[in-house]
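Only one structure is covered here, and it is reproduced in the block below.
A note on names: the letters A, B, ... follow the listed sequences, proteins ahead of strands, and every chain is numbered from 1.
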Amino acid sequence: MHDVAPDLLGCPLLVDGVGGPIVEVEAYDADDPASHGFRGPTARNRAMFGPPGHAYVYRSYGVHWCLNLVCSETGRPEAVLVRALKPEFRLDRMRERRGGVPDRQLCAGPGRLCEALGITGEDDGRPLDRPPFEILAAEEAVEITTGPRVGITRAADRPWRYAVVRSRYLSRRL
DNA sequence: CAGTGGATGCTCT
DNA sequence: GAGCATCCACTGT
């Protein structure tokens, strides 16, 4: 799964044609105390234990939605949290949904990204290779760096945040 | 700029 | 009843 996470960077993620290339992700694996799947399957996290190539969407802080791409090859809960992408396709829809924030903040953060792409709990468990989802091959090679994950308390020092070097669309500086 | 705190609802202990 | 894989508004320099 730590192989999958960096490979996703640069790949355009679209929902109903709205989106752009992913610039920032975080990896969560089965032996990770910070992962929702760490304590076993529950009603919320069941998608994490399902087949790979599906979405795991959950509500964060009672307010925002966050999107994971499930990539458990072995039936273990492994997923990649999509934290930011470069707004590129159908910017008009994103601006409309995000209420006039600067373009660089349209998808700079997991909650913001879901709002811009219209992702909700309805999308939990849906396959990523069928509408409304679409993930394309990377347009060009990107330079990748790593750093500590954001917003967690347990295992916060694991450097499992992957980002495109010098992208101006990241949720935070590395 | 940096730092702080509130909103808000659901999950798990 | 506690604790969030967050965001935004507001404060003070």
* To do: For DNA chain B, produce a single dot-bracket line, 5' to 3'. Pairs: Watson-Crick or G-U wobble, both distances under 3.5 Å. Symbols: ( ) within strand, [ ] crossing, | other strand, . unpaired.
  => |||||||.||||.
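The gap from the P atom of B:dG3 to that of C:dA5 amounts to 22 Å, rounded to the nearest Å.
The side chain of A:Arg39 sits closest to B:dC12 out of C:dC4, B:dC12, C:dC7. Here the side chain of A:Ile152 is nearest to one of C:dA5, B:dC12, C:dT6, namely C:dA5.
With respect to A:Asp32 and A:Arg149, a salt bridge is recorded, a charged nitrogen being found less than 4.0 Å from a carboxylate O.
A centroid separation of 6.0 Å or more is found between the aromatic rings of A:Tyr28 and A:His36.
Rounded to an integer number of Å, the gap from CD of A:Glu78 to C1' of C:dA5 is 16 Å.
Judged by distance alone, the side chain of A:Arg98 and the main-chain N or O of A:Met94 form no donor-acceptor pair under 3.5 Å.
Contact annotation for A:Arg98: backbone-only contact, meaning every heavy-atom pair under 4.0 Å involves sugar-phosphate atoms and none involves a base. Among the heavy atoms of the strands lying under 4.0 Å from A:Arg44 are primed sugar atoms or P, OP1, OP2 only; no base atom is included.
The side-chain heavy atoms of A:Phe89 and A:Leu14, taken from C-beta on, include a pair separated by under 4.5 Å.
Of the residues in residues 47-70 of chain A, those lying under 4.0 Å from DNA chain B by heavy-atom distance are A:Tyr61, A:Gly62, A:Val63.
Donor-acceptor pairing under 3.5 Å is recorded for the side chains of A:Ser171 and A:Glu24.
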Taking only distance into account, with no hydrogens and no angle test, what donor-acceptor pairs under 3.5 Å do side-chain atoms of residues 141-148 of chain A form with protein atoms, sequence neighbours excluded?
none

